[in-house]
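The structure appears right after this line, and notes come after that.
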Amino acid sequence: MNAQQPVPVTGRPGSVLHGVIALDGPSGTGKSTVSRSLAQRLGAGYLDTGAMYRAATLAVLRAGLAPDSPEAARLAAAADVRVGTDPGAPTVRLGEEDVAAEIRGAQVTGAVSAISAHPEVRDRLVVQQRGIIDGAGTGIVVEGRDIGTVVVPVAGLKIYLTASEEVRAARRDGQDRAAGRGADLAATLLAVQRRDTLDSGRAVSPLRPASDAVVVDTSELDVAAVLDRVIALAERRGLLAGQPDPSR
Ligand code: DC
């Protein structure tokens, strides 16, 4: 399906998601903003799988281990990562400790691709993610890199967000500035390119769209436009309560 074709309808007020919407794509495509807003609009849960890889990475950095070492893989796979699924207040903890702010820092961002490339880390976190999704009740929006390909291949709707490197770097830069983290656009562009290469080139679960994903280029779309498009697609798939399934 080509998402660039006009999608005529948007979800009616009060629509509730039944099932899983998988949102994959590289960083800076608006994935987190869209996923959270979507979950809030559709009365659904929200799972940020990137935050889980980031929290596991933080545990490794605190232990002073090299991210690409076997010891790091073991420690990350055993880390006590806890995430909440309320889209209004998503939480991420290492044990009892709230690490939501620390996992967004440059150190974690620079090391997370190496940690997420370890098969044993992925195996462990994918099992945990599936448990959270199974226990989520009626509907959940899940964002990551391998949700449509590996974590929930049967998701009712798979969206793959893209945007040009320049647009993505500019968005990341804006987020860093807004959060009070030092920002430098040229360095951010290089970091975005580096992370894309690592995430797309790894042997296990590389970043790529599922064969049945709807690809949406957000370079020229604002969040509201992306949301309208995704909600319309969910409605067409019959994933919204009370909506007829148009494929039947
Ligand atoms: O979405 P994010 O930038 O917070 O993700 C951080 C890193 O975690 C990203 O560089 C790749 C990795 N990741 C992954 O490998 N698989 C996922 N499902 C989510 C994130």
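Since this is a predicted model, take the numbers as computed values, not measurements. For ligands, and for the atoms within them, numbers begin at 1 and follow the listed sequence.
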Residues 203-216, side-chain donor-acceptor partners within the protein, below 3.5 Å, at least two apart:
from	atom 1	to	atom 2	distance (Å)
Asp212	OD1	Lys158	NZ	3.0
Asp212	OD2	Lys158	NZ	3.3

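For the residue pair Ser15 / Arg41, no side-chain donor-acceptor distance below 3.5 Å is found, with atom types taken as modelled.
Salt-bridge check for Glu143 with Arg36: failed, with every basic side-chain N at 4.0 Å or more from each acidic carboxylate O. Using a 4.0 Å cut-off between charged nitrogen and carboxylate oxygen, Asp176 and Arg104 do not count as a salt-bridge pair.
Atoms OG and CG, from Ser27 and Asp196 in turn, are 6.0 Å apart once rounded to the nearest 0.5 Å. For the atom pair CD1 (Ile231) and CZ (Arg236), the distance works out to 14.0 Å, reported to the nearest 0.5 Å.
Near ligand 1, Lys31, Thr49, Gly50, Tyr53, Arg54, Arg104, Val112, Ser113, Ser116, Arg122, Gly144, Arg145, Asp146, Arg195, Asp199, Arg202 each place a heavy atom less than 4.0 angstrom from the ligand.
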